[in-house]
Amino acid sequence: MRLDDKRESSNVEDRRGSGGGLPIGGKSIGLGTIAIALVAMYFGVDPSVILNMGQGLQQQAPIEAKPIPADDPMAKFVAKVLASTEDTWGKIFEASGQQYPAPKLVLFNGQTSTACGSGQAAMGPFYCPGDQKVYIDLAFYNEMKTRFHAPGDFAQAYVIAHEVGHHIQNITGISDKVQQARQSARSEAQSNQYSIRLELQADCFAGVWANRADGADRILEAGDVEEAMTAAAAIGDDALQKQAQGYAVPDSFTHGTSAQRTRWFNEGLSNGDVKKCDTFSASSI
C-alpha cells in the first residue's frame with residue numbers, strides 16, 4: 001500500500017503497556033489463545049456476549065491513552081489506514097448532507113475495558129457500539145500471517161476497514177434493526193442468517209473504502225487486492241471450522257463462508273457504491 005506520505009488519524013488511543021491482561025483466577029490472558037477464541041467466536045458466539053462475560057471481572061483503573069511512538073511503524077500504519085477511512089466515509093456522508101462521526105481506534109495488549117465489557121485480545125479485532133470504538137491488539141496481525149496464512153499490509157488494512165464498516169452500520173441504525181430481527185427469529189439458524197448478512201455488508205463496506213481511497217489517492221499496489229481476498233477467505237466460517245475440527249456446520253455460521261466474504265468485499269471494491277452493499281435485500285448471498 002502507498003501510505004508513506006498520508007496523514008495519521010488523531011482518533012487513535014494507545015493503551016499498550018498499561019498493565020496487560022486483567023487477572024482471571026490468578027492468570028492473565030495470553031496471546032497464544034487468540035486463534036482458538038477467535039475460531040470459537042466464528043462458531044456462532046455473539047461477540048457482545050463474550051465481551052459482557054468480562055464485566056464481572058476485576059477492572060483496571062481508567063487508562064490514559066498515550067501518543068503513538070514515532071518509532072512504531074505498525075501503529076503509525078494503523079493510524080494512516082484509519083485516517084483513510086475517515087476521509088472516504090467523510091466524503092460519502094457529506095454527499096448526502098450528513099457529517100461523519102468518526103470512530104476511535106484503541107490499541108491495547110491482552111485485555112482492556114470497553115463500554116461493552118472487558119475486551120480481550122483473544123476476541124480478535126472488534127467494534128463496540130457502546131463507545132463507538134474499534135479495538136485491536138496488533139499481535140493479531142502476526143496470527144493472520146502465521147496461523148491464517150493471510151499476510152500483507154492491505155490484508156491488515158482490510159481488517160480495520162471491516163470494523164469501521166460495523167461502525168457505519170451502528171450509526172446508520174442498521175445494526176439495531178438486525179438485532180431486532182435476530183430477537184424475533186424463529187430459530188437459531190435464522191438468527192444466524194441475519195448475522196451473516198450484517199458481516200457480509202461490513203465486508204462490502206470495506207471494499208467501498210478500498211475503491212474510493214484508491215480512486216482518490218492511488219493507495220493500491222500490485223498484489224494488494226489478492227492479499228485482502230486471501231484474508232477474507234481465511235476467516236470464512238467454513239475455513240475456520242474446518243481448520244478447528246475438520247468439518248463445517250453451516251447452520252452455525254455467523255460471518256459467512258470464504259466464498260461469500262470474498263464475493264461481497266469484491267462487490268464493494270468493484271463498484272465503490274454503498275447501495276450495492278444491501279446484503280439484506282439480496283436474494284442470495
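Position 1 is the first residue of the sequence, and the numbers go up from there. All figures in this text were calculated on a predicted structure; none of them were measured in a lab.
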Q: Can you measure from CZ (R263) to CG (D203) and round to the nearest 0.5 angstrom?
A: 12.0 Å

Q: List the atom of G165, the atom of A202, and the distance in Å for their closest heavy-atom pair.
A: C-CB, 4.3 Å

Q. Closest heavy-atom contact between A150 and A155?
A. O-CB, 3.9 Å

Q: Answer whether the closest heavy-atom distance between the side chains of V208 and D273 falls below 4.5 Å.
A: no

**Q.** Residue list, salt bridge (charged side-chain N to carboxylate O under 4.0 Å, His left out) with K133, at least two apart or on another chain
**A.** E13

Q | H162 side chain near E199 side chain, heavy-atom distance below 4.5 Å | A | yes

Q: Quick one: list whatever passes ring-ring contact (aromatic ring centres under 6.0 Å, His included) with F108, sequence neighbours left out.
A: none

Q | Value rounded to 0.5 Å, distance of CD1 in I219 from CE in M1 | A | 3.5 Å

(Q) Restricting to side chain to side chain donor-acceptor pair (under 3.5 Å), what partner residues turn up for S258, sequence neighbours left out? (A) D238

Q: Verify side-chain contact (heavy atoms from CB on, under 4.5 Å) between S175 and H166, making sure each step is shown before the conclusion.
A: CA-CA 8 Å; S175 298; H166 284 312; 5.7 Å; no

Q) Does the pair M144 and V159 meet the rule for a side-chain contact (heavy atoms from CB on, under 4.5 Å), with working shown? A) CA-CA 10 Å; M144 286 181 63; V159 169; 3.6 Å; yes

Q: Give every residue pair that meets the ring-ring contact (aromatic ring centres under 6.0 Å, His included) criterion with at least one member in residues 184-205, sequence neighbours excluded.
A: W89-F205

Q) Which value, rounded to the nearest 0.5 Å, describes the distance between R197 atom CZ and N192 atom CG? A) 13.0 Å

Q) What heavy-atom pair brings F140 and G124 nearest, and what distance separates the two atoms? A) CD1-CA, 4.1 Å

Q | Minimum side-chain heavy-atom gap L82-V164 below 4.5 Å | A | yes

Q. Is a side-chain donor-acceptor pair under 3.5 Å present for E267 with N271?
A. yes

Q) With distance as the sole criterion, is a donor-acceptor pair present between the side chains of E94 and Q99 under 3.5 Å? A) no

Q.
Once disulfide (SG to SG under 2.5 Å) is applied, what residue pairs with a partner in residues 169-224 remain, sequence neighbours excluded?
A. C204-C277

Q) Under a 4.5 Å cut-off applied to non-hydrogen side-chain atoms, are M74 and Q156 in contact? A) yes

Q) Taking a hydrophobic cluster as the set of Ile, Leu, Val, Met, Phe, Trp and Tyr residues connected by side-chain heavy atoms closer than 4.5 Å, whether directly or through intermediates, do L138 and V134 fall within one such cluster? A) yes

**Q.** Y135 and D131: side chain donor to acceptor below 3.5 Å
**A.** yes

Q: Start with the C-alpha distance between V81 and L3, add both sets of side-chain angles, then the distance that settles side-chain contact (heavy atoms from CB on, under 4.5 Å), and finish with yes or no.
A: CA-CA 8 Å; V81 172; L3 293 175; 3.8 Å; yes

Q | N266 backbone acceptor or donor facing S270 side chain under 3.5 Å | A | yes

**Q.** Straight-line distance of S191 OG to Q183 CD, nearest 0.5 Å
**A.** 9.0 Å

Q: Heavy atoms only: give me the nearest Q260-T257 pair and the separation to one decimal.
A: OE1-N, 2.9 Å

Q) Under the side-chain contact (heavy atoms from CB on, under 4.5 Å) criterion, do F126 and I136 qualify, and how do the steps go? A) CA-CA 7 Å; F126 62 92; I136 183 170; over 6 Å; no

**Q.** Residue pairs, two or more places apart or on separate chains, that pass disulfide (SG to SG under 2.5 Å) and touch residues 148-198
**A.** none

Q.
Would you say that R261 contacts H255 through its side chain, given a criterion of any heavy-atom pair below 4.5 Å between the two side chains?
A. yes

Q: Check whether any side-chain heavy atom of N11 sits under 4.5 Å from a side-chain heavy atom of L105, and report yes or no.
A: no

Q. Excluding sequence neighbours, so at least two apart, what forms ring-ring contact (aromatic ring centres under 6.0 Å, His included) with F93?
A. Y100

Q) side-chain hydrogen bond (donor to acceptor under 3.5 Å, both in side chains): which pairs involve residues 207-229, sequence neighbours left out? A) S84-W209

Q. What heavy-atom pair brings I68 and A75 nearest, and what distance separates the two atoms?
A. CG2-CB, 3.5 Å

Q: Kindly indicate whether the side chain of N170, heavy atoms from C-beta on, has any atom under 4.5 Å from the side chain of Q132.
A: yes

Q) H167 side chain to P101 main-chain N or O, any donor-acceptor pair under 3.5 Å? A) yes

**Q.** side chain to side chain donor-acceptor pair (under 3.5 Å) partners for D153, two or more places apart
**A.** none

Q | Sequence neighbours excluded, every pair satisfying ring-ring contact (aromatic ring centres under 6.0 Å, His included) that has a member inside residues 262-285 | A | Y158-F265

(Q) Any non-hydrogen side-chain atom of D72 less than 4.5 Å from a side-chain atom of R16? (A) yes

Q: Please round to the nearest 0.5 Å and tell me the distance separating atom OG1 of T230 and atom CZ of F154.
A: 11.5 Å

Q. Which heavy-atom pair separates E163 from P125 by the least distance, and what is that distance?
A. OE2-O, 3.4 Å

Q: Mind jotting down which residue pairs meet the salt bridge (charged side-chain N to carboxylate O under 4.0 Å, His left out) criterion with at least one end in residues 80-89? Sequence neighbours excluded, please.
A: R7-E86, R7-D87

Q) Between NZ of K104 and OG of S9, what distance do you get to the nearest 0.5 Å? A) 8.0 Å

Q.
Give me each pair satisfying side-chain hydrogen bond (donor to acceptor under 3.5 Å, both in side chains) with a member in residues 276-285, each pair once, sequence neighbours excluded.
A. D278-S281

Q. Does V274 belong to the same Ile/Leu/Val/Met/Phe/Trp/Tyr cluster as I171, with side-chain heavy atoms less than 4.5 Å apart forming each link?
A. yes

